[in-house]
Structure formats: C-alpha cells, structure tokens
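Reviewing the structure listed below.
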Amino acid sequence: MTRSRVAALSLFGAGAIAWAAIAFLDRDRSLERPLRSGVLRVAYAVEPPYAYVGADGQVTGESPELARRVIGGLGIPEVRFIQTEFGSLLPGLQAGRYDVVASGMFITPERARVVSFSIPTFRVRQGLLVREGNPRDLHSYRDAVASPEVRVAVVSGSVEET
C-alpha cells in the first residue's frame, strides 16, 4: 500500500472518528473532564505497530497517531500518554485513570458491554508465527495446544489468551 493511500485512509478514519465523537457528545459525558481541564489522558500498551515509543522517545504507532488527529479536532490542547499493560487498559479506563485508550484491540461482545468503541480504524486477523519451515506442522491454535512440547506466547489480556 502506498504512503498516500495510507495517509488518505488515516485521514478518512480520523474524520469518521471525529464525526462520531461529536455526534455522541450530547449523550456521552466522557469528554467533559478533558474539555474542562484541557488535558486528555490517553492509555496505550506497547504493541507495535499499534502503539510504541519511537526512537525519539515519543509515543507513536497507528493508534496514538490517529488519536492525535482526532483530539486535535476536539480543541483539547494537551495529550498525556500513559503506558500500561494491555490487560489493564479497560479496567483502568473504567476506573477513571485515563480518558481514552489508543491501542490495537479486538472488539468483543464482553468488551463492548463495559466500554464504548470508536468505529474500527484498523483491521487485522489472528495468526500464528512459527519457525521457518514450520517444523512442528502447526496450522491452528488447536494444533498448538494439542502438542505438549509447543509453547505459545500471547499478550496478557488479549483475545488470543482466551
């Protein structure tokens, strides 16, 4: 995909999210505190390419960059990024430790019952990363968990964990 296409898709996504945020401001009170204080607390988990700290020390990635564009349109002057573990993103949001989460996350029915999601801005599918040549002949999660000598690593709190 070309850079101009990625930029166009990002702008479209940012516009859609900004429109959704403005459309729901009268029903959703979650932006009242940041609009009053001028500071939006944005949580992220280090999970490249969705969110990570770049070589310059700044939080970047698909989710934080898109969040910056949307926030810029809301008139909130300061964005404060807060790094946390993936499994703490939604509990922290519910507890009021931050105002928004900017991280790659599957929308599941369980999650949607406790928080409001934006319009999806990025779509991915699950997959297995195996050694070159796939020496254990793994083609699914079922294959991986059926073999006692296979170890599977996943992000804590992720859909893959369950």
Side-chain angles (χ1 to χ4, degrees), residues 1-129 141 153-162:
M1 192 177 299
T2 66
R3 282 183 171 217
S4 61
R5 185 168 170 95
V6 169
L9 288 172
S10 292
L11 284 173
F12 174 77
I17 292 171
W19 175 85
I22 291 166
F24 293 104
L25 277 178
D26 61 333
R27 289 180 271 170
D28 184 349
R29 304 284 185 232
S30 59
L31 288 177
E32 285 180 355
R33 193 208 59 76
L35 287 168
R36 259 193 332 271
S37 71
V39 178
L40 187 74
R41 301 164 303 165
V42 180
Y44 72 98
V46 174
E47 194 181 22
Y50 310 113
Y52 60 96
V53 178
D56 61 358
Q58 297 296 308
V59 178
T60 190
E62 180 270 339
S63 300
E65 294 304 327
L66 189 54
R68 280 188 180 97
R69 288 182 183 227
V70 171
I71 294 162
L74 295 175
I76 300 171
E78 184 182 342
V79 178
R80 190 172 300 147
F81 284 97
I82 302 165
Q83 183 180 331
T84 190
E85 295 296 319
F86 186 87
S88 298
L89 289 168
L90 298 187
L93 182 64
Q94 289 178 286
R97 288 192 291 274
Y98 26 84
D99 307 302
V100 176
V101 169
S103 197
M105 183 178 293
F106 286 102
I107 300 172
T108 66
E110 297 80 19
R111 290 174 178 163
R113 279 194 284 277
V114 297
V115 297
S116 297
F117 283 90
S118 72
I119 297 165
T121 60
F122 196 87
R123 295 189 189 265
V124 296
R125 294 184 357 200
Q126 297 177 23
L128 291 173
L129 180 65
Y141 292 128
V154 298
V155 175
S156 177
S158 68
V159 167
E160 294 84 355
E161 183 179 35
T162 57

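Remember, predicted model here, so these are calculated numbers, not experimental data. Counting begins at 1 with the first residue of the sequence.
Summarising the geometry of Leu40 relative to Ile76, their closest heavy-atom pair is N-CG2, 3.8 Å, with the distance given to 0.1 Å. Across Gln94 and Val114, no two heavy atoms sit closer than the pair NE2-CB, 3.3 Å. Residues Ala67 and Ala102 approach most closely at CB-CB, 4.1 Å, considering heavy atoms. Closest non-hydrogen pair, Val59 versus Pro64, comes out as CG1-CG, 3.7 Å. Here the closest non-hydrogen pair linking Leu93 and Tyr98 is N-CE1, 3.2 Å. Taking all atoms of both residues into account, the shortest heavy-atom contact from Gly54 to Thr60 is N-CG2, 4.0 Å.
The environment of Arg80 atom CZ is sparse: at most 12 non-hydrogen atoms of other residues, nucleotides or ligands sit within 6.0 angstrom. The number of heavy-atom neighbours closer than 6.0 Å to CD of Gln83, taken from other residues, nucleotides and ligands shown, is above 12.
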Practice item. Please lay out, stage by stage, how Val101 and Val115 fare under the test side-chain contact (heavy atoms from CB on, under 4.5 Å). Key: CA-CA 10 Å; Val101 169; Val115 297; over 6 Å; no
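Within the 3.5 Å criterion, the main-chain N or O of Leu89 finds no donor-acceptor partner in the side chain of Arg97.
Put simply, CZ on Arg111 and OG on Ser116 are 14.5 Å apart, with the number rounded to the nearest 0.5 Å. Here the straight-line distance linking atom CD1 of Ile107 with atom CD1 of Ile119 works out to 10.0 Å at 0.5 Å rounding.
Residues that satisfy the ring-ring contact (aromatic ring centres under 6.0 Å, His included) test with Tyr50, not counting sequence neighbours, are Phe122.
Residues Phe81 and Gln58 are not in side-chain contact: their nearest non-hydrogen atoms beyond the backbone lie 4.5 Å or more apart.
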